[in-house]
Every structure is written in structure tokens, then in C-alpha cells.
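Following: one structure in C-alpha cells, then a few remarks.
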Amino acid sequence: MQMRCGAVRYTLSAEPVATRLCWCRDCQYWALGNAAVNIMVPRAAVEVTGTPRHFESVADSGNLEYMVVVRVGTLDDASGIRPTMAIWTSSASPWAHIDPALQAFPRQPG
């Protein structure tokens, strides 16, 4: 997968553990006010080439995650990605549409 500038690429050696629509304030910021579509993959399954900048997010529990959140928009082919849950729905804007077919959590699922 390639970031827009082409200076950083990554490959994933595992299938996603979860595919989620995230309404946390960080994801809304990165998704320009909407939910971000993210896949979760084990940190050990991500190989990065180039020199990326990074942002480490601390989980609601206070722990660093052993998973890597990958923005689906950065995938070369996202056609097979289907979200199965919506998280942090308590942070969603009043106008947000949360698909009733998805499992929804007001915060991070436990």
C-alpha cells in the first residue's frame, strides 16, 4: 500500500482482525468530520518501507495497542472491506447516520 506521496509503503501479512467505523474525535478529525473506516491488524503483520511519521494513540484503558489501525483509504484495493461495527458512537455528531445493521458501541468495545 502507498501513501499519497509515494515515499512510504506498507504491506500487510495478515487478514484484518476487525473492520470498524470509528466515530472517536481523532478519527473524525482525520476523516474530515465523518467516521473513519479502519481495519485492525497485529503490529507484527505490518511491514513499512520509507520513513513515516507516526502517531501513537493510547487506548481508553491507558494502554498502547498491540494492533495497528490502518485507514482503509490507504489500501491499494479496498473493494473487499466491509465494516462490521461502529465504535465511539457517543462522539458522533447529531446528524451522523449509524447503520442499524452494524453492531454499535458508544465507546471502545471491551
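In terms of the side-chain contact (heavy atoms from CB on, under 4.5 Å) criterion, residue partners of V69 (sequence neighbours excluded) are, by chain and number, N38, M40, R71. Applying the side-chain contact (heavy atoms from CB on, under 4.5 Å) criterion to S91, with sequence neighbours excluded, gives Q28, W88. Applying the side-chain contact (heavy atoms from CB on, under 4.5 Å) rule to V17 yields the partners P42, M67; only residues at least two apart in sequence or on another chain are considered.
Counting heavy atoms from C-beta outward, Q108 and C24 have side chains that stay 4.5 Å or more apart. Annotation: side chain of I81 is in contact with side chain of I39 (closest heavy-atom distance under 4.5 Å).
The minimum heavy-atom distance between V41 and A14, with the atom names listed, is CG1-O, 4.3 Å. The two residues A31 and A35 have their closest heavy-atom pair at CB-O, 3.6 Å. Scanning both residues, P83 and V37, for their nearest heavy atoms gives CG-CG1, 4.1 Å. The heavy-atom pair separating T89 from P106 by the smallest distance is OG1-CA, 3.3 Å.
In this structure, OG in S13 is found 8.0 Å from CD in E47, a value given to the nearest 0.5 Å. For the atom pair CZ (R20) and CG (L102), the distance works out to 12.5 Å, reported to the nearest 0.5 Å. Rounding to the nearest 0.5 Å places CZ of R25 at 10.5 Å from CH2 of W23. Atom CG of L21 and atom NE2 of H97 lie 10.0 Å apart (nearest 0.5 Å). Atom CG in D76 sits 5.0 Å away from atom CZ in R9 (nearest 0.5 Å). Interatomic distance, N34 CG to C27 SG, rounded to the nearest 0.5 Å: 11.0 Å.
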For T49 and V8: C-alpha separation, side-chain torsions, deciding distance, then whether side chain to side chain contact (heavy atoms under 4.5 Å, CB included) applies. CA-CA 6 Å; T49 57; V8 176; over 6 Å; no
Between V70 and V68, is the side chain to side chain contact (heavy atoms under 4.5 Å, CB included) condition met? List the steps. CA-CA 6 Å; V70 176; V68 173; 4.1 Å; yes
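Remark: side-chain polar atoms of T19 are not paired, donor with acceptor, to backbone N or O of T84 under 3.5 angstrom.
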